[in-house]
Amino acid sequence: MKIILFALLLPSLSIAASLVPDSFSANFEESFVSAVNGKTKKSFGKIDYQYPSHIRFEKISPDSSTFVSNPQKSWYYVPPFVKGEKGEVTIQESNKLVLTKFLDSLKNGLENNKLFTHKYNKAELVLTFTKAIQKDMGLRQAILVAGSDAKKITSLKDFDNLILVYNDGRKVSLKFVDLKENTHFEQKHFEFEVPSNTKVSQGK
């Protein structure tokens, strides 16, 4: 479950205070240093979000997966690696996801937020999660990086990238590309139609 939360959390953490639109769509480039060989690995995908509690996260390459959630239900789908084999989907009630609560709480602004504290450090906006959230998600901080004074940023799309800091010190960087605010989505965009030949599991 932590893998699902991490994947979704990457783009959503960039929303802060008045910077968050009612909806947005963006491509992203994720990069991190492999603990195995020390090389930088990259992946690419797309995120769509609509308040409240609607999200579609698609990881396109090098490995694909899809996470879709609305106020009632969520789906996490991994397609088969080999054609003809079964894909896998995990379905659960979305109100049980810490992530959903986190995303919607960002609409309430940075001050007095129950999930994190914040501070500005020149070109950075640093969100530090509470101990309970750190335990649930395995994440200690989210750092939003701007090209200038972060306090002067007035739009979500003006941040250059996001750095996620894990409890064990690992860091993952996410760069947003072609972010479009206040995007219109059809209702079914935040529902997932399970393909045939798919193993279905019910999440807790």
Next on the checklist: Between D168 and R170, does any side-chain N to carboxylate O distance fall below 4.0 Å?
Outcome noted: yes
Checklist entry - How long is the span from the CG atom in L139 to the CG atom in L127, to the nearest 0.5 Å? => result 11.5 Å
Checklist entry - Would you say N197's side chain and E85's backbone share a donor-acceptor pair under 3.5 angstrom? => result yes
Checklist entry - Between T66 and W75, is a side chain to side chain contact (heavy atoms under 4.5 Å, CB included) present by the stated rule, with each step listed? => result CA-CA 8 Å; T66 301; W75 301 259; over 6 Å; no
Checklist entry - Going hydrophobic residue to hydrophobic residue with side-chain gaps under 4.5 angstrom, can you get from Y166 over to F32? => result yes
Item to check | Approximate separation, where rounding is to 0.5 Å, of L162 CG and S173 OG | outcome: 7.5 Å
Item to check | Minimal non-hydrogen separation, K46 against S25, with atom names | outcome: CE-OG, 3.3 Å
Checklist entry - Among Y77, Y49, F28, whose ring pair (Phe, Tyr, Trp, His ring centres under 6.0 Å) with F57 holds? => result F28
Item to check | Full working for side chain to side chain contact (heavy atoms under 4.5 Å, CB included) between D178 and K180 | outcome: CA-CA 6 Å; D178 299 328; K180 297 179 175 61; 4.0 Å; yes
Checklist entry - Which heavy atom in G169 sits nearest to a heavy atom in R140, and how many Å separate them? => result N-NH1, 4.3 Å
Item to check | S23 (side chain) donor-acceptor with T183 (main chain) under 3.5 angstrom | outcome: yes
Item to check | Connected via hydrophobic side-chain network under 4.5 Å: I153 and I163 | outcome: no
Next on the checklist: With side chain to side chain contact (heavy atoms under 4.5 Å, CB included) as the criterion, how do I47 and I55 come out once you've worked through the C-alpha distance, each side chain's angles and the decisive distance to 0.1 Å?
Outcome noted: CA-CA 7 Å; I47 172 78; I55 191 166; 3.5 Å; yes
Checklist entry - Backbone N or O of V145 within a donor-acceptor pair of the D160 side chain at under 3.5 Å? => result no
Item to check | Closest non-hydrogen atom pair between V78 and S65, with its separation | outcome: CG2-CB, 4.3 Å
Item to check | Heavy-atom closest contact (S94 atom, K73 atom, distance) | outcome: OG-N, 3.5 Å
Checklist entry - Going through the checks in order, is the side chain to side chain contact (heavy atoms under 4.5 Å, CB included) test met by L174 and L164? => result CA-CA 8 Å; L174 187 77; L164 293 177; over 6 Å; no
Checklist outcome for this item: Residues pairing under side chain to side chain donor-acceptor pair (under 3.5 Å) where one sits in residues 119-128, two or more places apart or in two chains, turn out to be T128-Q141
Checklist entry - In terms of hydrophobic clusters joined by side-chain contacts under 4.5 Å, are F44 and F176 together? => result no
Checklist outcome for this item: Rounded to the nearest 0.5 Å, the CG atom of N70 sits from the CD atom of Q187 at a distance of 8.5 Å
Item to check | Rounded distance (nearest 0.5 Å) linking atom CD of E30 with atom NZ of K42 | outcome: 11.5 Å
Checklist entry - Any chain of hydrophobic side-chain contacts (each under 4.5 Å) joining V172 to V126? => result no
Item to check | Rounded distance (nearest 0.5 Å) linking atom CD of E29 with atom OG of S43 | outcome: 8.5 Å
Checklist outcome for this item: Residue set satisfying salt bridge (Lys or Arg N to Asp or Glu O under 4.0 Å) with D63, at least two apart, ordered chain then number -> none
Checklist outcome for this item: Taken in chain and number order and not counting sequence neighbours, the residues that satisfy ring pair (Phe, Tyr, Trp, His ring centres under 6.0 Å) with F185 are H189, F190
Checklist entry - Is it true that V165 and F159 fall in one hydrophobic cluster, defined by side-chain heavy atoms closer than 4.5 Å? => result no
Checklist outcome for this item: For E191 and V68 the tightest heavy-atom approach is N-CG1, 3.6 Å
Next on the checklist: So I133 and F116, do their side chains get closer than 4.5 Å, heavy atoms only?
Outcome noted: no
Checklist entry - Should the pair F67 and Y76 be assigned to parallel (<30°), tilted (30 to 60°) or perpendicular (>60°) ring geometry? => result tilted
Checklist entry - Can you tell me how far CD of E58 sits from CG of N27, rounded to the nearest 0.5 angstrom? => result 10.5 Å
Item to check | Smallest separation among heavy atoms of F129 and A142, with atom names | outcome: CE1-N, 4.0 Å
